[in-house]
K.L.:
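My structure is below; once you've seen it, I'll send some questions.
Letters A, B, ... mirror the listed sequences (proteins, then strands); counts begin at 1. Note that the structure is a prediction, hence the values are computed from the model and not measured.
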Amino acid sequence: MILPLHDELRAAIGDALARLYGLGPDRAPAIVLDLTPNRQLGDLATPVAFELARRLKKAPRLIAQELAAALAASQSVARVEPTHAGYINVFLDRPVFLRARLAGLPPRSSADLKTIVEHTAINPNKAAHIGHIRNAALGDTLVRVLRFRGTEVEVQNYIDNTGVQVADVVVGFQQLEQKHLDDVRALSERDRFDYHCWDLYARVTEWYEADRDRLRLRAAALHEIEHDVGETAAIGHLLADRIVRCHLRTMGRLNIEYDLLTWEGDILRLQFWAQAFELLKQTGAVFHQDKGRLAGCWVMPIEDGSTPTDDPEETAGTAGAEPGTTDDDADRLKVIVRSNGTVTYVGKDIAYQLWKFGLLGRDFFYRIFDRRIDGGPVWATTATPPADPLSPPRFGAAGTTYNVIDVRQSYLQKLLQQALRAMRHEREAERSIHFSYEMVALSHATARQLGYEIADADRERPFVEVSGRRGLGVKADDLLDVLVEKALAEVSKRNPEMDAREAGRVARMIAVAAVRYFMIKYSRGKVIAFDIEEALSFEGESGPYLQYAAVRAGSIFQKLQDREGLTETDVMGTLGRTDAAELTAGPDELWTLVLESSRLDEVVEQVVRTLEFSNLAKFAFGLAQLFNAFYHKYPILNEERRDTRLWRAAGVSYFRSQMTKTLELMGIRVPGRM
RNA sequence: GCGCCCGUAGCUCAGUUGGAUAGAGCGCCGGACUUCGAAUCCGUAGGUCGCAGGUUCGAGUCCUGCCGGGCGCGCCA
């Protein structure tokens with residue numbers, strides 16, 4: 001880890017700035033530390049002299065010289081050199097650096113408040129698809145990255161069990177399949193119930209389109225589900241419960257788990273909204289509109305004017321007819337409660353967001369829904385006190401929330417922040433972070449391969465949009481199945497002696513690596529045109545490539561132990577009395593591998609700051625490339641010079657440990673062989 | 001109309017507190033397995049960083065305008 005060293009250097013430079021130029025911490029510029037472009041120039045560099053040149057009326061080169069001379073030698077720094085241009089280059093003491101890192105540094109403490117990450121949130125009415133994998137992979141990586149730096153994280157998965165999508169499939173069961181509760185229950189016991197619902201959902205959509213009057217059945221079903229009455233609601237409950245279990249299994253395959261499932265139905269039944277409404281009224285965040293076209297509604301003023309005013313006639317008409325209530329005003333109002341007294345979707349979300357921050361003044365009841373792989377409970381909310389006394393942890397009441405939702409929900413997320421602001425919860429508004437990302441579409445080739453007719457609208461575009469409604473998309477489990485199958489073929493080919501169980505286990509790890517790396521490596525603002533051929537590639541920039549590097553490093557130590565009984569700990573123990581010329585004066589690759597390996601903590605901070613996981617992915621990939629090149633060029637087991645061998649082994653040991661941690665952050669495991 | 005996002009090599013993309021010579025994968029062409037595993041490595045070719053201004057010692061990165069593309073803006077969820 002390199003950040004402790006950054007801290008140390010910043011302190012030293014800051015100290016020198018104060019002594020030389022009288023620039024105390026309040027007046028000194030931010031001290032930027034970068035890696036130098038190559039090892040000849042040193043290891044870390046700061047351009048701080050450029051920043052100061054104008055202020056001190058002095059050439060950068062002079063400042064750099066003075067600062068370099070003033071920096072006291074320390075245990076970790078071998079020497080400091082000013083460059084002609086004005087950079088200050090720092091050369092680290094390589095053996096001291098590596099030995100300290102192998103010995104392990106104390107973890108940095110985090111001052112962060114408890115953080116809630118909400119992700120996945122798939123409608124519980126059909127199988128998960130690749131778009132959902134992107135959401136969950138991003139969300140889960142965020143969770144891991146936050147926890148890595150010491151932040152307390154609670155993972156929530158929101159279940160919209162009272163929405164239109166659930167109602168649609170219930171209508172499908174009742175109208176298209178003539179099924180009753182018991183029939184659906186029997187069906188749900190069968191394998192891949194979620195696949196059945198996927199198809200049924202598409203059929204219902206077509207059925208509605210054939211006769212728009214049928215939409216009345218949807219409205220009726222929705223009403224019954226919302227009010228929890230009759231067999232329709234019972235089927236809705238069953239459907240959502242069973243589909244959520246399918247989703248948990250699918251996500252479990254990808255090493256993704258949750259602490260709490262929050263059910264929308266419980267928010268309704270516990271009347272969170274009523275409570276939130278009181279708070280909104282008390283703070284004046286919403287008000288009743290008496291006249292105009294929103295007469296009878298409770299509305300919230302919104303900041304931006306991004307509502308369409310594409311009908312100039314209407315604008316002119318209303319403005320003239322109702323002085324004082326111009327449409328300009330009306331356009332900056334968002335309806336929260338309709339004139340018929342029902343709440344819009346924003347209302348429910350405001351209540352939920354308030355609860356997340358512990359600002360609602362109400363809580364759910366909790367039940368245990370399932371078990372995690374580690375045996376711990378997956379909790380779920382419930383609207384009734386459980387019969388058995390349970391002791392759930394304190395859920396909610398966070399200092400920061402991340403809502404991982406695709407970019408199309410930006411407007412809603414912005415409204416949530418504005419509601420918090422209007423209620424004078426400025427700090428919470430600031431800490432309601434919408435982690436947005438672009439959608440996953442399909443490449444033309446893959447869409448064709450799946451047998452979909454490409455609509456005219458899509459023909460001109462570089463990708464085909466996924467549509468759950470039409471059943472157009474790649475199911476998550478199908479993708480995983482294909483990947484496992486391909487990985488298994490490779491593993492068996494390369495390791496004929498491996499038994500079938502183990503080969504299957506390894507193949508699953510490889511499949512997970514392939515999918516998760518694929519979802520992480522693009523920046524979140526980019527549409528992914530998913531192509532099955534590309535995702536199936538295990539070569540080049542891929543998850544399996546990363547695993548392969550770690551496996552190779554591991555196998556060196558496996559052999560070292562088998563042949564000579566030497567462990568990584570043994571190697572570490574000898575370094576103090578081993579000449580370090582290989583590291584200090586040998587080829588740069590070994591030292592570069594060590595230095596780059598140490599940057600994980602720096603990369604993690606960058607990732608949290610920018611919420612851009614491609615940085616993490618590229619770091620991992622670059623590190624694997626460095627190692628693979630090193631591996632090819634510099635032997636360890638077959639190296640005869642003992643000192644050289646030990647220092648190389650030490651470098652590889654550190655690489656292996658850092659690489660494994662990096663992969664863990666992406667939810668990727670390292671098999672023993674592959 | 002307004003708001004947000006995207007535009008970097010043939011293709012797909014990194015490059016996000018502004019820093020030294022703009023990178024990778026794939027594809028193309030050519031090399032390296034009696035050696036710690038070739039899911040690998042080495043090399044060649046390939047660039048007006050959408051366009052035009054501006055700020056700066058320094059701009060792919062920041063600002064302004066424009067061009068091209070995507071998404072969003074309901075008393076739907």
K.L.:
For a quick check of understanding: with a heavy-atom distance under 4.0 Å over all strands, which category does Ile510(A) fall into, base, sugar-phosphate or nothing?
P.N.:
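Base contact.
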
K.L.:
Under a 3.5 Å cutoff, is there a donor and acceptor pairing between the side chains of Thr262(A) and Tyr352(A)?
P.N.:
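Yes, side-chain donor-acceptor contact under 3.5 Å.
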
K.L.:
So, taking the atom named CG in Leu626(A) and the one named CD in Glu589(A), what distance separates them when rounded to the nearest 0.5 Å?
P.N.:
9.0 Å

K.L.:
Tell me the interatomic distance from Asp406(A), atom CG, to G70(B), atom P, rounded to whole angstroms.
P.N.:
17 Å

K.L.:
Figure out the CG/C1' separation between Asn628(A) and C41(B), and round it to whole Å.
P.N.:
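To the nearest whole Å, that distance equals 8 Å.
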
K.L.:
Report all interatomic pairs (protein N or O, nucleotide N or O of nucleotides 11-17 of chain B) with separations under 3.5 Å.
P.N.:
unit_1: A14(B); atom_1: OP1; unit_2: Ser523(A); atom_2: N; d: 2.4
unit_1: A14(B); atom_1: OP1; unit_2: Ser523(A); atom_2: OG; d: 2.2
unit_1: A14(B); atom_1: OP2; unit_2: Lys526(A); atom_2: NZ; d: 2.6
unit_1: G15(B); atom_1: OP1; unit_2: Ser614(A); atom_2: OG; d: 3.3
unit_1: U16(B); atom_1: O4; unit_2: Glu612(A); atom_2: OE1; d: 3.0
unit_1: U17(B); atom_1: OP2; unit_2: Arg609(A); atom_2: NH2; d: 2.9

K.L.:
Is the aromatic ring of Tyr545(A) within stacking range of A39(B), meaning centres under 5.5 angstrom and planes under 30 degrees?
P.N.:
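According to the criterion (under 5.5 Å, under 30°), no, Tyr545(A) does not stack.
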
K.L.:
What's the gap between A22(B) and G50(B) when it is taken at their P atoms, as a whole Å value?
P.N.:
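To the nearest whole Å, 15 Å.
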
K.L.:
Can C42(B) be described as syn, meaning its chi torsion is within 90° of 0, or is it anti?
P.N.:
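Glycosidic conformation of C42(B): anti.
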
K.L.:
Of all residues at least two apart in sequence or in a different chain, which pass the salt bridge (charged side-chain N to carboxylate O under 4.0 Å, His left out) check with Lys618(A)?
P.N.:
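Here the qualifying residues are Glu541(A).
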
K.L.:
Calculate the interatomic distance between Gln40(A) atom CD and A20(B) atom P; express it in whole Å.
P.N.:
17 Å

K.L.:
Tell me if a side-chain donor or acceptor on Asn89(A) pairs with a main-chain N or O of Leu41(A) at a distance below 3.5 Å.
P.N.:
yes

K.L.:
What nucleotide, of A20(B), C71(B), C41(B), holds the atom closest to the side chain of Leu41(A)?
P.N.:
A20(B)

K.L.:
To the nearest 0.5 Å, what is the distance between OG on Ser339(A) and NE2 on His288(A)?
P.N.:
8.5 Å

K.L.:
At 4.0 Å (heavy atoms only), tell me whether Met674(A) reaches a base, stays on the sugar-phosphate, or touches nothing.
P.N.:
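It contacts base atoms.
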
K.L.:
Choosing from A24(B), C76(B), C73(B), which nucleotide comes nearest the side chain of Arg338(A)?
P.N.:
C76(B)

K.L.:
Just how far, in rounded Å, is P of C36(B) from CZ of Arg552(A)?
P.N.:
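Arg552(A) atom CZ is separated from C36(B) atom P by 11 Å.
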
K.L.:
Quote, to the nearest angstrom, the C1' distance that separates A52(B) from U21(B).
P.N.:
27 Å

K.L.:
Quick one: which of C36(B), C57(B), A20(B) gets closest to the side chain of Pro635(A)?
P.N.:
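So the nucleotide nearest the side chain must be C36(B).
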
K.L.:
Of all residues at least two apart in sequence or in a different chain, which pass the ring pair (Phe, Tyr, Trp, His ring centres under 6.0 Å) check with Phe518(A)?
P.N.:
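Tyr522(A), Phe530(A).
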
K.L.:
Looking only at atom types and distance, does a side-chain atom of Arg524(A) sit under 3.5 Å from a main-chain N or O of Leu611(A), one as donor and one as acceptor?
P.N.:
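Yes, because the side chain of Arg524(A) sits within donor-acceptor range (under 3.5 Å) of the backbone of Leu611(A).
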
K.L.:
Using a 4.0 Å heavy-atom cut-off, does Ala53(A) contact any base of the nucleic acid, only the sugar-phosphate backbone, or nothing at all?
P.N.:
nothing

K.L.:
Quick check for you: among C36(B), C73(B), G37(B), whose closest atom lies nearest to any side-chain atom of Tyr411(A)?
P.N.:
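So the nucleotide nearest the side chain must be C73(B).
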
K.L.:
Taking the P atom of each, how far is U61(B) from G7(B), in whole Å?
P.N.:
11 Å

K.L.:
Just checking Phe538(A): base, sugar-phosphate only, or nothing, at a heavy-atom cut-off of under 4.0 Å?
P.N.:
base

K.L.:
Given that Asn89(A) and Gly296(A) both sit by RNA chain B, which one's nearest nucleotide is further toward the 5' end?
P.N.:
Asn89(A)

K.L.:
Going by atom types alone, do Asn628(A) and Tyr548(A) pair a side-chain donor with an acceptor below 3.5 Å?
P.N.:
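On atom types as modelled, these side chains do not qualify, holding no pair under 3.5 Å.
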
K.L.:
Among A39(B), G37(B), A32(B), which nucleotide sits nearest the side chain of Ser555(A)?
P.N.:
G37(B)

K.L.:
Heavy atoms under 4.0 Å, any strand shown: does Gly525(A) hit a base, just sugar-phosphate, or nothing?
P.N.:
sugar-phosphate

K.L.:
Could you list the residues that satisfy salt bridge (charged side-chain N to carboxylate O under 4.0 Å, His left out) with Arg641(A), not counting sequence neighbours?
P.N.:
Glu639(A)

K.L.:
Using whole Å, report how far CG of Asn340(A) lies from P of G74(B).
P.N.:
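From Asn340(A) CG to G74(B) P: 18 Å.
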
K.L.:
Taking atom P in both G43(B) and A24(B), what distance in whole Å separates the two?
P.N.:
10 Å

K.L.:
Within this structure, what is the OH-to-P distance between Tyr548(A) and C36(B), rounded to whole angstrom?
P.N.:
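So the two atoms are 12 Å apart, to the nearest Å.
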
K.L.:
Dot-bracket for RNA chain B, please, read 5' to 3', with Watson-Crick or G-U wobble pairs under 3.5 Å on both distances, ( ) within the strand, [ ] crossing, | other strand, . unpaired.
P.N.:
(((((((..((((.....[...))))..((((.......))))......(((((..]....))))))))))))....

K.L.:
Are Gln625(A) and G25(B) close enough that a side-chain N or O sits under 4.0 Å from OP1 or OP2?
P.N.:
yes

K.L.:
I need the single residue from Thr344(A), Ile267(A), Leu412(A) that forms a side-chain contact (heavy atoms from CB on, under 4.5 Å) with Asp349(A). Which is it?
P.N.:
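Single pass found, and it is Leu412(A).
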
K.L.:
May I ask you to say what Ser537(A) touches in the nucleic acid, namely base, sugar-phosphate or nothing, with a heavy-atom cut-off under 4.0 Å?
P.N.:
nothing

K.L.:
Which is true for Val607(A) with a 4.0 Å heavy-atom rule: it touches a base, it touches only sugar-phosphate, or it touches nothing?
P.N.:
nothing

K.L.:
Under 6.0 Å from the six-membered ring centre of Phe272(A) and within 45° of its axis: does the NZ or CZ of Lys348(A) meet both?
P.N.:
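No, Lys348(A) does not lie over the aromatic ring of Phe272(A).
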
K.L.:
Regarding Phe627(A), tell me which of base, sugar-phosphate or nothing describes its non-hydrogen contacts under 4.0 Å with the strands shown.
P.N.:
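Nothing, no heavy atom under 4.0 Å.
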
K.L.:
Would you kindly compare Pro47(A) and Gly672(A) by the position of their nearest RNA chain B nucleotide and give the one closer to the 5′ end?
P.N.:
Pro47(A)

K.L.:
With the side chain of Arg408(A) defined as its heavy atoms from C-beta on, choose the nearest nucleotide among A20(B), G72(B), A77(B).
P.N.:
G72(B)

K.L.:
Considering only C75(B), A77(B), U21(B), which nucleotide approaches the side chain of Val335(A) most closely?
P.N.:
C75(B)

K.L.:
With no hydrogens and no angle check, do the side chains of Tyr158(A) and Asn403(A) hold a donor and an acceptor under 3.5 Å apart?
P.N.:
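No, no side-chain donor-acceptor pair sits under 3.5 Å.
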
K.L.:
Using the test ring pair (Phe, Tyr, Trp, His ring centres under 6.0 Å), find all partners of His6(A) that sit at least two apart in sequence or belong to another chain.
P.N.:
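Scan of His6(A) (ring pair (Phe, Tyr, Trp, His ring centres under 6.0 Å), adjacent residues dropped) gives none.
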
K.L.:
What is the distance, to the nearest angstrom, from the NE2 atom on His84(A) to the P atom on U21(B)?
P.N.:
14 Å

K.L.:
Give the nucleotide from the list C36(B), C71(B), C42(B) with an atom nearest to the side chain of Val407(A).
P.N.:
C71(B)

K.L.:
Between the base of C75(B) and the side chain of Thr344(A), is there any donor-acceptor pair under 3.5 Å?
P.N.:
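A donor-acceptor contact between them is absent.
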
K.L.:
Which whole number of Å gives the distance between the P atom of G3(B) and that of G18(B)?
P.N.:
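That atom pair is separated by 25 Å.
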
K.L.:
Give the rounded distance in Å between these two atoms: NZ of Lys486(A) and C1' of A39(B).
P.N.:
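After rounding, the gap between these two atoms is 9 Å.
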
